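First the structure, in the form of structure tokens, and then the observations on it.
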Amino acid sequence: MAARVLTKALIFALLVFLYSPAHSQIVPEENGQLAFVLHLMDKGNYDLALLELERFAFLFPQSSGLERVSLYKGVCHLEAGRYEKARETFDEILATGKDQAILSRAMFFMAESFFRRGSLRDAEYYFNIVAEGRSEAALRQAALYRLGWTRMKENDWKEASRLLLSVEGEGVLAQSAGEISSLVAKGEELSLKDPSTAGFLAGVLPGLGHAYVGRYRDAAAALIVNALFVWAALEAFDEDHVVLAGILGFLELGWYAGNIYSAVNSAHKHNRRLQEEFRGNFMDRLRIVPLLSDGGAVGLSLSFRY
């Protein structure tokens, strides 16, 4: 009986000890906390990852990993499509940061935010800084790869191929960039239409510019409409209906000019469609996820499909 009472007392004392204020809050290790954040980011839970980053800053206000925390915050905003907020975060890192590895990545992610927003000139500026700077090989590879994609979006296939071919070194990124390069070069062989030629042909004969672009139904419509207005204007003139002939002639002038404009615009649309379809063969699946490597250094994981 005494042994049973003693056992219960010991269990009660142990429970009191474990749930006392000093032990009721278990503070996670820094690396474990950041590993969980990266897990959330990898799963696409960026808003939840941001909350965990705020938790990290609260739990470890003196941590040497706060620069990494800021970097991860910027990446969360970047991946969530909040490009302005991401750039604000990266700007702050670039202005106050001290870790060169983190600074290089902040520069890369800054460029990526411009790339995704469609500000290709700004993206090129920052990607070039990373590619030509003191960044490690993997980051320079990624910057050159992205520069190649930037030129692709500007339909500069030859330069895009050269940049992708310049992604040297080992790894999947370099190998795949080389494979893409040989295919991108074929963009020079696209059957593009010259807008000036389309406009000239439309001026010679309404509808001929549309036929040059391959829009035969529009070509027939343009020819018929313009021919009818010319015929109606001539008939009105022969019948001495001068005012009506003038009105019809004025309207025909509008149709004629519209036919030229439409032919030029059709050539531009034809070219854009071909270029977009060609780029569609290289579906960019580059996904940027910062990783903690041995020793706490920031790593970069790049995965993509084309």
Side-chain angles (χ1 to χ4, degrees), residues 81 83 114-124 127 145-164 179-237 243-286 304-306:
Y83 303 125
F114 282 117
F115 176 83
R116 296 188 185 187
R117 190 65 179 267
S119 303
L120 299 180
R121 294 300 181 187
D122 291 322
E124 282 183 323
F127 281 134
Y145 175 78
R146 262 300 185 234
L147 282 169
W149 267 93
T150 301
R151 301 313 301 175
M152 283 173 60
K153 285 183 174 290
E154 295 181 334
N155 305 314
D156 189 351
W157 310 111
K158 185 176 180 179
E159 179 64 9
S161 178
R162 185 193 69 80
L163 285 165
L164 289 169
E179 294 172 357
I180 294 174
S181 174
S182 62
L183 299 173
V184 167
K186 295 181 180 180
E188 296 287 331
E189 303 171 9
L190 293 176
S191 300
L192 303 180
K193 302 298 183 181
D194 180 22
S196 300
T197 300
F200 173 76
L201 292 174
V204 172
L205 179 66
L208 195 58
H210 291 86
Y212 165 71
V213 177
R215 301 183 64 168
Y216 300 109
R217 189 173 296 180
D218 292 339
L223 180 62
I224 292 171
V225 169
N226 279 274
L228 286 175
F229 268 93
V230 170
W231 173 78
L234 290 175
E235 284 292 313
F237 185 78
V243 175
L244 178 60
I247 293 173
L248 291 172
F250 179 77
L251 292 175
E252 161 53 21
L253 184 62
W255 281 107
Y256 177 75
N259 146 75
I260 295 174
Y261 173 81
S262 178
V264 172
N265 194 42
S266 295
H268 284 298
K269 286 183 177 179
H270 170 84
N271 293 342
R272 283 196 298 269
R273 179 179 58 79
L274 278 183
Q275 290 160 345
E276 288 172 1
E277 288 178 354
F278 182 71
R279 277 194 300 270
N281 295 322
F282 311 97
M283 297 300 290
D284 182 22
R285 291 290 183 268
L286 185 144
F304 53 91
R305 180 174 65 82
Y306 62 90

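All figures in this text were calculated on a predicted structure; none of them were measured in a lab.
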*Give every residue pair that meets the side chain to side chain donor-acceptor pair (under 3.5 Å) criterion with at least one member in residues 203-216, sequence neighbours excluded.*
His210-Ser262, Arg215-Asp218, Arg215-Ser266
_Ionic contact status for Arg151 with Glu124, cut-off 4.0 Å_ = yes
*Look at Glu154 together with Arg121 and state whether they make a salt bridge at an N to O cut-off of under 4.0 Å.*
yes
*Given the rule in the side-chain contact (heavy atoms from CB on, under 4.5 Å) test, do Tyr145 and Ile180 qualify, once you have shown the distances and angles that lead to the verdict?*
CA-CA 10 Å; Tyr145 175 78; Ile180 294 174; 3.9 Å; yes
*Give a yes or no on whether Arg217 atom CZ has more than 12 heavy-atom contacts from other residues, nucleotides or ligands under 6.0 Å away.*
no
*Just wondering, are more than 12 heavy atoms of other shown residues or ligands nearer than 6.0 Å to CZ in Phe278?*
yes
What distance do [X] atom [atom1] and [Y] atom [atom2] have between them, rounded to the nearest 0.5 Å?
X: Arg162; Y: Leu147; atom1: CZ; atom2: CG; result: 9.5 Å
X: His270; Y: Gln275; atom1: NE2; atom2: CD; result: 9.5 Å
X: Leu208; Y: Thr197; atom1: CG; atom2: OG1; result: 11.0 Å
X: Glu159; Y: Thr150; atom1: CD; atom2: OG1; result: 11.0 Å
X: Leu201; Y: Lys193; atom1: CG; atom2: NZ; result: 10.5 Å
X: Met152; Y: Leu120; atom1: CE; atom2: CG; result: 12.0 Å

[X] and [Y]: which non-hydrogen atoms are nearest, and at how many Å?
X: Ala123; Y: Phe115; answer: CB-N, 3.6 Å
X: Ala219; Y: Gly207; answer: CB-O, 3.0 Å
X: Ser161; Y: Ser181; answer: O-OG, 2.7 Å
X: Ala198; Y: Val213; answer: CB-CG2, 4.2 Å
X: Tyr256; Y: Pro206; answer: CD1-CG, 4.0 Å
X: Ser182; Y: Glu179; answer: OG-O, 2.9 Å

*asked:* Quick check against the 3.5 Å criterion: does Asn226 have a side-chain atom that pairs as donor or acceptor with the backbone of Ala222?
replied: yes
_Closer than 3.5 angstrom, by distance alone: can the side chain of Asn259 be matched with the main-chain N or O of Gly203 as a donor-acceptor pair?_
no
*asked:* Holding to side chain to side chain donor-acceptor pair (under 3.5 Å), I want the full list of residues that pass it with Glu276, two or more places apart in sequence or in another chain.
replied: none
*Does the side chain of Phe114 come within less than 4.5 Å of Phe127's, by heavy atoms?*
no
*Heavy-atom distance under 4.5 Å between the side chains of Trp149 and Leu163, does that happen here?*
no
